[in-house]
*Asks:* 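I am attaching a structure below and will ask some questions about it afterwards.
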Amino acid sequence: MAKLNVNGTVREFEVEDDTPLLWVIREQLGLTGTKYGCGIAACGACTVHLDGVPTRSCVRPVSTVSETEKIVTIEGLSPDGSHPVQKAWVALDVPQCGYCQCGMVMTAAALLKAKPNPTDADINEAMTNICRCGTYNRIRAAIKVVAAGGNTKSAALAIQHTDGSTT
């Protein structure tokens, strides 16, 4: 039986060695926040952290990940949605359909950990995930909000919320 360290817990599972990490996470371990999008590592919906590095799990064979490597999924980033990136996503109404957002959040969190005050060039280089809804401007703004310590006014967006408030 194989083992993985996922979200701080060592979990056992049985699959073929060439099974993508994504399918172990979703089907064997029941963590369905990580999404299947393209299956060729292009879209980023399947992004997880592997020892802090954003990794496209749809093409990573589970046999290439050891029990000593730490995998963090969206569920492990913050179980209650209190991670600064998740809070900025909510404050700026980033998601539309939301399908890609878990991968986007994981990529943004890794970027901000590596570069707490990223430039536009840093954001362009790191955020290669695909959003079919085109929320890229809000994604960039949310990253900048986190870099500014959570100040949503720094995003320079005039978002009118359904409750009448503005961000």
Side-chain angles (χ1 to χ4, degrees), residues 1-95 97-118 122-123 125-131 135 138-140 142-150 152:
M1 194 161 274
K3 296 179 183 180
L4 289 176
N5 182 334
V6 180
N7 299 332
T9 303
V10 175
R11 307 276 303 267
E12 292 184 341
F13 60 93
E14 272 191 72
V15 296
E16 298 295 322
D17 286 347
D18 63 347
T19 302
L21 177 59
L22 172 65
W23 297 125
V24 172
I25 290 169
R26 287 184 58 81
E27 303 299 326
Q28 300 295 314
L29 306 182
L31 300 170
T32 57
T34 306
K35 305 296 185 208
Y36 174 80
C38 66
I40 60 171
C43 75
C46 66
T47 302
V48 298
H49 294 173
L50 185 57
D51 282 342
V53 177
T55 302
R56 308 279 169 102
S57 63
C58 71
V59 295
R60 182 76 185 254
V62 71
S63 61
T64 67
V65 182
S66 75
E67 178 184 345
T68 60
E69 293 175 283
K70 292 179 172 63
I71 300 165
V72 177
T73 67
I74 191 72
E75 293 92 346
L77 186 65
S78 169
D80 63 357
S82 64
H83 189 279
V85 173
Q86 291 170 310
K87 290 167 79 173
W89 247 243
V90 170
L92 297 181
D93 295 326
V94 171
C97 84
Y99 197 81
C100 69
Q101 296 306 308
C102 292
M104 291 282 191
V105 166
M106 295 302 288
T107 303
L111 166 64
L112 287 158
K113 186 171 184 180
K115 296 184 178 184
N117 195 17
D122 295 332
I123 294 169
E125 184 179 328
M127 300 302 297
T128 60
N129 301 43
I130 296 171
C131 175
T135 64
R138 289 180 188 228
I139 290 165
R140 179 181 306 279
I143 291 168
K144 289 184 176 195
V145 162
V146 175
T152 57

*Asks:* Quick one: which residue pairs count as a ring-ring contact (aromatic ring centres under 6.0 Å, His included) with a foot in residues 57-78, not counting sequence neighbours?
*Replies:* none
*Asks:* Which residue pairs pass the ring-ring contact (aromatic ring centres under 6.0 Å, His included) test with at least one member in residues 10-29, sequence neighbours excluded?
*Replies:* Trp23-Tyr36
*Asks:* Looking at every heavy atom in both Gln28 and Glu14, which two are closest together, and how far apart are they?
*Replies:* OE1-O, 3.8 Å
*Asks:* Mind running side chain to side chain contact (heavy atoms under 4.5 Å, CB included) on Asn7 and Val72 for me, showing each step along the way?
*Replies:* CA-CA 5 Å; Asn7 299 332; Val72 177; 3.8 Å; yes
*Asks:* Tell me every residue that passes side chain to side chain donor-acceptor pair (under 3.5 Å) with Glu75, counting only those two or more places apart in sequence or in another chain.
*Replies:* Thr73
*Asks:* Can you list the residues that meet the side chain to side chain donor-acceptor pair (under 3.5 Å) rule with Thr128, with sequence neighbours excluded?
*Replies:* Arg56
*Asks:* Output every pair passing ring-ring contact (aromatic ring centres under 6.0 Å, His included) with a member in residues 65-95, not counting sequence neighbours, ordered by first then second residue.
*Replies:* none
*Asks:* Taking side chain to side chain donor-acceptor pair (under 3.5 Å) as the test, write out the residues that go with Ser57, two or more places apart.
*Replies:* none
*Asks:* Should we say atom CD of Glu12 is surrounded by more than 12 heavy atoms from elsewhere, each under 6.0 Å from it?
*Replies:* yes
*Asks:* Partners of Arg140 by side chain to side chain donor-acceptor pair (under 3.5 Å), sequence neighbours excluded?
*Replies:* Asp120, Asn124
*Asks:* Mind jotting down which residue pairs meet the ring-ring contact (aromatic ring centres under 6.0 Å, His included) criterion with at least one end in residues 52-82? Sequence neighbours excluded, please.
*Replies:* none
*Asks:* Identify the two heavy atoms, one from Asn117 and one from Ala147, that lie closest to each other, and give their separation to 0.1 Å.
*Replies:* OD1-CB, 3.8 Å
*Asks:* Could you go step by step and tell me if Ile71 and Leu21 meet the side chain to side chain contact (heavy atoms under 4.5 Å, CB included) rule?
*Replies:* CA-CA 10 Å; Ile71 300 165; Leu21 177 59; 3.9 Å; yes
*Asks:* List for me each residue that meets side chain to side chain contact (heavy atoms under 4.5 Å, CB included) alongside Ser82, sequence neighbours excluded, and say none if there are none.
*Replies:* Ser78, Asp80
*Asks:* For Ala126 and Thr107, work out which heavy atoms get closest and say how close.
*Replies:* O-CG2, 3.4 Å
*Asks:* How many angstroms lie between atom CZ of Arg60 and atom OG1 of Thr55, to the nearest 0.5 angstrom?
*Replies:* 6.0 Å
*Asks:* What heavy-atom pair brings Val146 and Pro84 nearest, and what distance separates the two atoms?
*Replies:* CG2-O, 3.4 Å
*Asks:* Identify, with sequence neighbours excluded, every residue that meets side chain to side chain contact (heavy atoms under 4.5 Å, CB included) alongside Cys100.
*Replies:* Met104, Cys131
*Asks:* Is there a donor-acceptor pair closer than 3.5 Å between any side-chain N or O of Arg11 and the backbone N or O of Leu29?
*Replies:* yes
*Asks:* Treating Arg138 as the side-chain partner and Leu92 as the backbone partner, does any N or O pair qualify as donor plus acceptor under 3.5 Å?
*Replies:* yes
*Asks:* Of all residues at least two apart in sequence or in a different chain, which pass the side chain to side chain contact (heavy atoms under 4.5 Å, CB included) check with Ser66?
*Replies:* Thr68, Glu69
*Asks:* If I take atom NZ from residue Lys35 and atom SG from residue Cys58, how far apart are they, to the nearest 0.5 angstrom?
*Replies:* 14.5 Å
*Asks:* Tell me, with the steps shown, if Lys87 and Val145 meet side chain to side chain contact (heavy atoms under 4.5 Å, CB included).
*Replies:* CA-CA 10 Å; Lys87 290 167 79 173; Val145 162; over 6 Å; no
*Asks:* Side chains of Pro20 and Val59: does their closest heavy-atom pair fall under 4.5 Å?
*Replies:* no
*Asks:* Can you give me the closest heavy-atom contact between Asp122 and Leu111, atom names plus distance?
*Replies:* O-CD1, 4.1 Å
*Asks:* Looking at Thr34 and Ile74, what are the two nearest heavy atoms and their distance?
*Replies:* N-CG2, 4.2 Å
*Asks:* Check the pair Val24 / Val65 against side chain to side chain contact (heavy atoms under 4.5 Å, CB included), numbers first and verdict last.
*Replies:* CA-CA 11 Å; Val24 172; Val65 182; over 6 Å; no
*Asks:* For residues 38-54, which side-chain donor-acceptor pairs fall under 3.5 Å, sequence neighbours excluded?
*Replies:*
unit_1: Thr47; atom_1: OG1; unit_2: Gly44; atom_2: O; d: 2.7
unit_1: His49; atom_1: NE2; unit_2: Met106; atom_2: O; d: 2.6
unit_1: Asp51; atom_1: OD1; unit_2: Lys70; atom_2: N; d: 2.8

